[in-house]
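Right, one structure below, let's go through it.
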Amino acid sequence: NVVSMLQEFWESKQQQRAAFPSEGVVVYESLPSPGPPFVSYVTLPGGSCFGNFQCCLSRAEARRDAAKVALINSLFNELPSRRITKEFIMESVQEAVASTSGTLDDADDPSTSIGAYHYMLESNMGKTMLEFQELMTIFQLLHWNGSLKALRETKCSRQEVISYYSQYSLDEKMRSHMALDWIMKERESPGILSQELRMALRELEEARKAGQELRFYKEKKEILSLALTQIYSDPDTSSPSDDQLSLTALCSYH
C-alpha cells in the first residue's frame, strides 16, 4: 500500500525531527472530473508537490500513482548526494556557469544571478534538496510575478531580498499579495490573467505527465485563479482603487 508507506515515511521523519518537524501531514487533492482520466496531487511536508503521471481510470488509482511518484522522490531525497554540501555547491555553481554567460568569479558577487544562487545554497548548507525546494519556489514565483524586478528598482540588494524571504514560507498571505499584483496587471493589460492561466495549466499538465516536481506550476495556477475570482466576484463596487492596490503591493514588498 504505497499511500500508507508514504505516510509512514514522513511520520517517521517527523518523529526523528529530521525534516519539517512542525509539518508531518501528507495532503492529497483530486481534481474534479466527471470521468477518466483522473488526476491526483500529493503535497509533502515542506510543500513539494507531485502528481500521477499515468492515465488513471479511477480516483483511487490516481492517488496511488501520485503517492508512488512522491515516495520515490522522498526516498531519493535521503541519498547523501541530495544534501547541500560544499562539494554539492561547487558542482552546482559550475553547472550554473556552464549554462549561462557568467563566470566563476561571479559566484563571489551577490549582485549577479550566479552569486545570488551561490549565496542561497550556502545559506542552506546541510539541507536536502526537497527542503531547499520551497525557498527556490518562492523566488521562482517572485521572478515570474515581477516582484524581484520591483525590488531591484528600490535598490534592495540581492542578499537583502534573499535574507528577507528566507524567513517566510509560501502561505495564503503571500499568495494574496501575488494575486493582488496580477489584478493590477490585468487592469493595465486586460486579458493577461486568462492568458497566463492557460499557460500555467498547460505547464502543470506537461510537468505532471513528465513526473516532475509541481509546486511552482501549481502555485502559479492557484495565484492566477485567486486573482480571477477576486476580479469577477465584484469587479466594480468592492474592488480597491488603483492607489490602494499600489500601496498594498508596496507594503508587501517591504
Legend entry - Backbone of H118 reached by a side-chain donor or acceptor of E122 within 3.5 Å: no
Inset, instruction - Assess whether atom CE of M5 is packed by more than 12 heavy atoms of other residues, nucleotides or ligands within 6.0 Å. - result: no
Legend entry - Check: S4 main-chain N/O paired with N1 side-chain donor or acceptor under 3.5 Å: yes
Inset, instruction - Indicate yes or no for a side-chain donor-acceptor contact from R215 to the backbone of C49 under 3.5 Å, with no hydrogens or angles considered. - result: no
Legend entry - R175 and E222 ion-paired at < 4.0 Å: no
Legend entry - Atom of A66, atom of V42 and distance for their closest heavy-atom approach: O-CG1, 3.5 Å
Legend entry - Flag, side chain of K185 to backbone of N145, donor-acceptor distance under 3.5 Å: yes
Inset, instruction - Can you see which heavy atom on A62 is nearest to which on F38, and at what distance? - result: CB-O, 3.7 Å
Legend entry - Ion pair E205/R208, N-O distance below 4.0 Å: yes
Inset, instruction - For the pair D65 (side chain) and E61 (backbone), establish whether a donor and an acceptor sit closer than 3.5 Å, ignoring hydrogens and angles. - result: no
Legend entry - Nearest heavy atoms of M125 and I84, plus distance in Å: SD-O, 3.7 Å
Inset, instruction - Check each of Q212, K68, E213 against F50 using the side-chain contact (heavy atoms from CB on, under 4.5 Å) test, and report the only one that passes. - result: E213
Legend entry - Residues Y165, S147; criterion side chain to side chain donor-acceptor pair (under 3.5 Å); working and verdict: CA-CA 12 Å; Y165 280 103; S147 298; 5.7 Å; no
Legend entry - Neighbour count >12 (heavy atoms, 6.0 Å) for atom CE, M90: no
Inset, instruction - Answer yes or no: is there an ion pair linking R82 with E78, defined by an N-O contact shorter than 4.0 Å? - result: no
Legend entry - Pairwise ring pair (Phe, Tyr, Trp, His ring centres under 6.0 Å) hits with a residue in residues 182-225, at least two apart: W144-W182
Inset, instruction - Return yes if some donor-acceptor pair links the side-chain N/O of D109 with the main-chain N/O of G115 below 3.5 Å, else return no. - result: no
Legend entry - Side-chain donor or acceptor of N52 paired with backbone N/O of S40 under 3.5 Å: yes
Inset, instruction - Please report the closest heavy-atom contact between L214 and G51, naming both atoms and the distance. - result: CD1-N, 3.5 Å
Legend entry - S189 side-chain N/O to I192 backbone N/O, donor-acceptor pair under 3.5 Å: no
Inset, instruction - Could you pull out the closest heavy-atom pair between S74 and L130, with the gap in Å? - result: CA-CD1, 4.4 Å
Inset, instruction - Looking only at non-hydrogen atoms, find the nearest pair between L121 and S92 and report the distance. - result: CD1-CB, 3.9 Å
Inset, instruction - Look at the side chain of S99 and the backbone N and O of E95, then say whether any donor-acceptor pair between them is shorter than 3.5 Å. - result: yes
Inset, instruction - For E131 and T128, indicate whether the former's side chain and the latter's backbone hold a donor-acceptor pair under 3.5 Å. - result: yes
